[in-house]
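Below: the structure, in structure tokens.
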Amino acid sequence: MAPSFAVHARRGAAALATAAVLSAAVAPAAFADGSPSPATAPGLYGKKDPQFDGVFRQSLALLAQKATGIAPPKQATDWLAGQQCADGGFAAYRADTAKACDAKAGEFTDQTALAVQGLAATGGHGDAVKKGLGWLKAHQNEDGGWGMTPGAPSDPNSTSSAIGAYAATGQDPAKVTKGGKNPYDALIGFQLGCDQKEDERGVFAYPDQKGKLTPNDLATTAAALATLGKGYLVAPVKGGDMPVKPLECADDESAKPKDAPSAGAAAAAYLAAKIDANDGALKSAMPQGGADPALTADATLALAAGGHRDAAAKPLKWLGDSANKTAEWAKGDPGRLSKLVLAAHAAGANPRDFAGVDLVQQLTATGPKAEASPSSTETKDEKKKDDDTIGIWWIVGIFFVASVGVGFLISGRNKKQQL
């Protein structure tokens, strides 16, 4: 559980900006550390101003490359680790890493959680991962969840990001407690149940400054993934299809999911129905409206992660049918490309030939030269199974993930990043 990479709009800027943001996000300009200097940042993916999404897009790029059997260059992982603040947290981007971070306003849950996922997947920076998890634990709220920044009220997007970080490091998020509450306790509190109109049952909502919950598709894609205890790096869906199952209300209007599995199932059913109603895509919550590639990729990833093969195939098809437009939208943008790669990979498509587009090649071209790894963990397992009858098979694992939405699933929800 991202986050087309703009930032989840902050509370107060409202649920509207929020939905558009958690797909890409980063810290708001007021929180940026100095003037960004892409040219002096060797190892960073992308040439676009990194002020609001440097850490986020870098983390996604590392995850997408790892998924597709590419060993990210050490220069790239070192760049990300070097962005970490002394206390373990991460800002959106630090132009001057010698300058101390603003612990109260300059560090974000989403960036920290995603950086932990990226560094944990690529290896080599165990201390940074440990410090990142320590930062998350230190800023967990009494309800078990997390807000965008330290001390901020919990919200579904940041809580989902943190769950993904713990899951990515092999820890059970349910055991990360505060005040007797765990992250799932907080997350489920943002889901709407049977007291809502039928087409909103199972959706997750984002709270405004007064705590009022507003249905939010971006929050729902993030939570649908988090309730499964997963982060952005999801193995390709295998086996048969697991049909989505709408929330059962019967005559009980107060009914709502009581645990993570049931919450995830209800969220998946909501997403599948919304996608069907919108001809295969999810729409942007921003004023301009229209189909949102980032958000649609996020939904594809979440549905595939839940084993909903048929439901995930619909938004995946939309992305493929719109390949020319989507490719142009993502061209040169490592965050958007990564979300597409991750989503395609999870849903069983080939990100190296996605409707004729090599998303992996386009992604690697935005950063330092990468080296192909012998194979992924998954392909190694498959090779062992085939050894007895066919000999040694070296299969390069191609995994994809691309959840875009209007912003980068990360903290800068204050600014909408158009991906």
Side-chain angles (χ1 to χ4, degrees), residues 1-4 8-9 14-23 156-157 160 187-188 190-206 213-228 237 241-249 256-257 262-322 326 339-340 343 346-347 402-407 409:
M1 79 284 275
S4 160
H8 308 134
L16 181 66
T18 294
V21 190
L22 241 214
S23 269
N157 301 96
S160 294
L187 191 58
I188 294 175
F190 295 109
Q191 188 170 34
L192 304 184
C194 295
D195 56 345
Q196 304 297 310
K197 53 185 180 181
E198 189 172 352
D199 62 356
E200 290 185 349
R201 294 171 181 172
V203 67
F204 277 78
Y206 200 85
L213 297 176
T214 301
N216 186 304
D217 288 351
L218 185 57
T220 305
T221 59
L225 190 61
T227 51
L228 297 170
V237 60
D241 173 61
M242 178 179 289
V244 294
K245 185 178 181 181
L247 181 63
E248 295 183 3
C249 294
K256 64 177 300 183
S262 60
Y270 164 81
L271 290 173
K274 192 73 176 286
I275 287 170
D276 283 344
N278 293 328
D279 299 321
L282 287 180
K283 294 183 177 180
S284 169
M286 299 307 288
Q288 67 270 26
D292 184 342
L295 192 55
T296 301
D298 285 336
T300 302
L301 176 65
L303 290 170
H308 308 297
R309 181 187 293 275
D310 291 349
K314 295 179 180 179
L316 181 68
K317 182 178 185 301
W318 182 89
L319 290 170
D321 289 345
S322 306
T326 300
K339 281 205 166 190
L340 290 174
S403 143
V404 260
V406 169
L409 175 293

Nearest atoms (heavy-atom pairs only) where A304 meets A346: CB-O, 3.4 Å
Side-chain heavy atoms of L187 within contact of S160, under 4.5 Å: yes
From H308 atom NE2 to D241 atom CG, the distance as rounded to the nearest 0.5 Å: 8.5 Å
Gap between atom CG of D217 and atom CG of N278 - 0.5 Å precision: 8.5 Å
Shortest non-hydrogen contact between V244 and A311, atoms and distance: CG1-CB, 4.1 Å
Non-hydrogen atoms of P215 and L192 that approach each other most closely: CG-CD1, 3.8 Å
Matching residue for L303 among I275, L225, T221 - test: side chain to side chain contact (heavy atoms under 4.5 Å, CB included): I275
Spacing of OG1 belonging to T220 relative to OH belonging to Y270, to within rounding of 0.5 Å: 5.5 Å
Atom of G193, atom of L247 and distance for their closest heavy-atom approach: CA-CD2, 3.8 Å
Residue from L316, L282, L271, L295 passing side chain to side chain contact (heavy atoms under 4.5 Å, CB included) with T300: L316
More than 12 heavy atoms of other groups within 6.0 Å of E198 CD: no
Minimum heavy-atom distance between W318 and A291, given as atom pair plus value: CZ2-CB, 3.3 Å
Shortest non-hydrogen contact from N216 toward Y206: ND2-CB, 3.8 Å
Check: P257 main-chain N/O paired with Q191 side-chain donor or acceptor under 3.5 Å: no
Listed partners of D276 passing side-chain hydrogen bond (donor to acceptor under 3.5 Å, both in side chains), at least two apart: K314
Euclidean distance, K274 NZ relative to E200 CD, rounded to 0.5 Å: 8.0 Å
